[in-house]
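Encoded as structure tokens, the structure appears first; notes follow it.
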There are 2 protein chains.
Amino acid sequence: MSQRIGEEEIYRVLKEAIFNAELSPGTQLVETSLAEAFGVSRTPIRAVLQRLKYESLIKLVPNRGAFVYCPSPDEAEQIFSLRTLLEGEAARLAAEHATPQQLEEMETFLHQEREYYRQKENHKALKAIADFHLTLAEASHNPFLISYLRQLISLSHIIFTFYDTTDQGEPHSMDEHGAILEAIKNRDGRLAAELASSHIHEIKGDVDFSKAVKHSLSIEQLVSRYVKR
Amino acid sequence: MSQRIGEEEIYRVLKEAIFNAELSPGTQLVETSLAEAFGVSRTPIRAVLQRLKYESLIKLVPNRGAFVYCPSPDEAEQIFSLRTLLEGEAARLAAEHATPQQLEEMETFLHQEREYYRQKENHKALKAIADFHLTLAEASHNPFLISYLRQLISLSHIIFTFYDTTDQGEPHSMDEHGAILEAIKNRDGRLAAELASSHIHEIKGDVDFSKAVKHSLSIEQLVSRYVKR
DNA sequence: ATGACTTAAATCGTATACAATTCTGTATTC
DNA sequence: GAATACAGAATTGTATACGATTTAAGTCAT
């Protein structure tokens with residue numbers, strides 16, 4: 001018999017779905033439907049939706065509903081700008097405070113990335129990259145920096161799948177990740193910060209914000225398309 | 001007759017109370033008590049508590065309850081470190097994007113700060129300073145940077161009242177605020193960033209993290225104090 | 001045909017009742 | 001006397017019912 005699902009689990013599942021674009025940007029999330037789907041009441045669903053709202057993974061419109069986050073080119077630009085700044089700082093701190101376990105984890109994700117790219121499993125490679133950057137953030141041991149970067153990395157991942165970049169298979173990213181990890185291992189904070197910062201700046205250049213795929217339009221966009229006639 | 005209070009209002013009141021240390025760090029917030037006090041059910045209270053949790057103004061322990069945020073010296077140090085970084089960036093962007101209205105607001109808060117210090121109303125002066133920095137953040141026009149700085153500024157304010165600094169009446173802060181505003185008005189991003197960054201760094205030095213007042217210790221702190229004998 | 005008004009459906013917002021969990025004080029046992 | 005087990009109280013977690021708001025459709029008069 002199926003065990004009753006908890007709030008934490010619901011959060012995890014929903015977040016994962018948004019992360020992997022199984023719920024494409026703009027999709028409406030109806031409380032009653034989700035409640036039925038998970039076999040719970042609306043109460044825990046509402047709690048989860050609020051949480052997702054705070055992480056900007058959904059947009060919550062009063063008396064209207066919840067909609068999956070739909071990044072605009074402007075926001076994407078701002079997200080990567082901030083990441084450039086914060087990830088540099090995280091790398092600097094990581095060089096000081098990273099534990100052996102964290103270094104090992106980053107190494108593992110680096111290998112995963114290499115392997116998945118070799119197998120042309122670009123989507124899985126993207127996930128490994130996100131995990132690499134997340135561990136790097138955690139290695140800073142600054143809980144606020146970690147939570148901010150966690151949000152920015154999540155949104156970046158959505159942007160990557162939204163403005164689909166999986167085809168162009170960035171060859172430089174692996175080397176850059178390796179160099180960053182190397183600098184951290186050598187406890188060279190200055191270099192690590194420099195590399196990490198410019199790495200994100202590179203990535204930003206790879207995304208073509210004009211070409212969005214899997215486009216489920218937002219309410220506002222739909223309205224503005226039809227209102228002018 | 002008293003109008004029924006809304007979720008937004010509850011949030012505002014509670015946040016203000018924590019902000020002004022009317023609810024001192026560590027205090028437990030019981031849902032039923034709050035519900036009675038505000039004359040609503042527990043449902044909107046729970047929503048507000050989640051929101052406060054997300055902003056780190058309270059700590060939410062499952063099946064236990066909500067407790068007002070209690071900053072440790074370590075966290076305080078990390079908060080100011082991040083602010084040093086983010087507020088520099090915000091100043092740089094503000095120099096590019098600040099609207100005339102925002103410049104005017106900052107000017108107003110600067111005058112308020114001066115006036116309140118002259119009247120020895122140190123607590124109100126602190127509030128004016130927070131408002132100044134908040135407007136500076138908003139002038140960056142990067143929504144993520146704004147939300148991060150809003151959190152850090154709130155927590156800084158709590159830290160200021162917790163590690164009470166109102167007596168030493170920082171004389172340099174007003175001049176520095178003025179210089180920052182001047183640089184932004186002259187659209188000199190580089191200088192504004194430099195000034196803002198070092199300003200926060202200065203502030204950090206003013207706080208004596210060893211002398212906490214109104215101290216309700218956390219369980220962990222109590223244990224570690226007695227366990228080593 | 002077009003515009004304003006009415007009505008109905010869908011959805012979120014709130015209140016209340018009940019279940020599950022955690023803590024506390026007390027009794028019982030060794 | 002100390003440790004354990006248990007019962008009660010307090011608190012949070014969840015489910016359900018009802019109310020408020022918004023959206024959209026449909027009707028009618030112009």
Side-chain angles (χ1 to χ4, degrees), chain A residues 1-14 23 26-54 56-70 216-229, chain B residues 1-14 18 23 26-54 57-70 216-220 222-223 226:
Chain A
M1 58 199 264
S2 65
Q3 163 120 5
R4 257 276 297 304
I5 200 169
E7 183 180 313
E8 196 63 27
E9 190 76 0
I10 297 174
Y11 167 76
R12 224 182 40 73
V13 171
L14 233 49
L23 292 169
T27 308
Q28 179 171 12
L29 301 177
V30 179
E31 292 178 1
T32 53
S33 310
L34 291 174
E36 272 185 46
F38 284 107
V40 296
S41 80
R42 279 175 49 215
T43 311
I45 297 292
R46 284 176 65 81
V48 169
L49 289 183
Q50 287 220 4
R51 200 164 154 188
L52 292 172
K53 170 198 172 184
Y54 295 137
S56 292
L57 291 178
I58 64 173
K59 208 169 124 185
L60 220 45
V61 185
N63 288 312
R64 286 290 315 282
F67 303 87
V68 176
Y69 173 71
C70 193
S216 21
L217 295 173
S218 75
I219 305 296
E220 289 75 13
Q221 286 172 317
L222 280 172
V223 170
S224 69
R225 171 172 297 187
Y226 286 101
V227 77
K228 278 290 184 182
R229 309 190 168 176
Chain B
M1 56 197 265
S2 64
Q3 163 119 7
R4 257 276 299 302
I5 200 170
E7 183 180 311
E8 196 63 28
E9 190 77 359
I10 296 174
Y11 167 76
R12 224 182 39 73
V13 170
L14 233 49
I18 298 175
L23 291 169
T27 307
Q28 179 170 11
L29 301 176
V30 179
E31 293 177 1
T32 54
S33 310
L34 292 175
E36 274 186 44
F38 284 107
V40 297
S41 81
R42 278 175 51 214
T43 311
I45 297 291
R46 284 174 66 81
V48 169
L49 288 184
Q50 286 222 2
R51 195 163 158 189
L52 291 172
K53 171 201 173 182
Y54 175 74
L57 291 178
I58 63 174
K59 207 171 123 187
L60 219 45
V61 185
N63 287 309
R64 286 289 315 280
F67 303 86
V68 176
Y69 173 69
C70 193
S216 22
L217 293 173
S218 75
I219 305 297
E220 289 76 13
L222 280 173
V223 170
Y226 287 100

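Just so we're on the same page: letters track the sequence lines, and every chain starts at 1.
- Atom P of nucleotide C:dT16 and atom CD of B:Glu31 are separated by 15 Å, given to the nearest angstrom.
- Nucleotide D:dT22 holds its C1' atom 6 Å from the CG atom of A:Asn63, rounded to whole Å.
- Within the structure, a side-chain polar atom (N or O) of B:Ser41 is placed less than 4.0 Å from OP1 or OP2 of C:dA15.
- For A:Leu60 and C:dT11, the CG to C1' distance is 12 Å, given to the nearest whole Å.
- For C:dG13, the OP1/OP2 oxygens have a side-chain nitrogen or oxygen of A:Arg46 closer than 4.0 Å.
- Comparing A:Glu7 and A:Pro62 along DNA chain D, the residue whose closest nucleotide (by nearest heavy atom) sits nearer the 5' end is A:Glu7.
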Review point. What's the verdict on side-chain contact (heavy atoms from CB on, under 4.5 Å) for B:Leu14 and B:Leu34, showing C-alpha distance, side-chain angles and the deciding distance?
Key: CA-CA 10 Å; B:Leu14 233 49; B:Leu34 292 175; 4.2 Å; yes
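- Atom P of nucleotide D:dG13 and atom CD1 of B:Ile45 are separated by 14 Å, given to the nearest angstrom.
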What does the list of N/O pairs under 3.5 Å between the protein and nucleotides 17-19 of chain C look like, with a distance for each?
none

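- Rounded to an integer number of Å, the gap from A:Gln28 CD to D:dA24 C1' is 14 Å.
- For the pair A:Thr43 and A:Leu49, nearest-nucleotide mapping onto DNA chain C gives the more 5' position to A:Leu49.
- Contact annotation: A:Arg64 side-chain N/O to C:dC12 OP1/OP2 distance is not under 4.0 Å.
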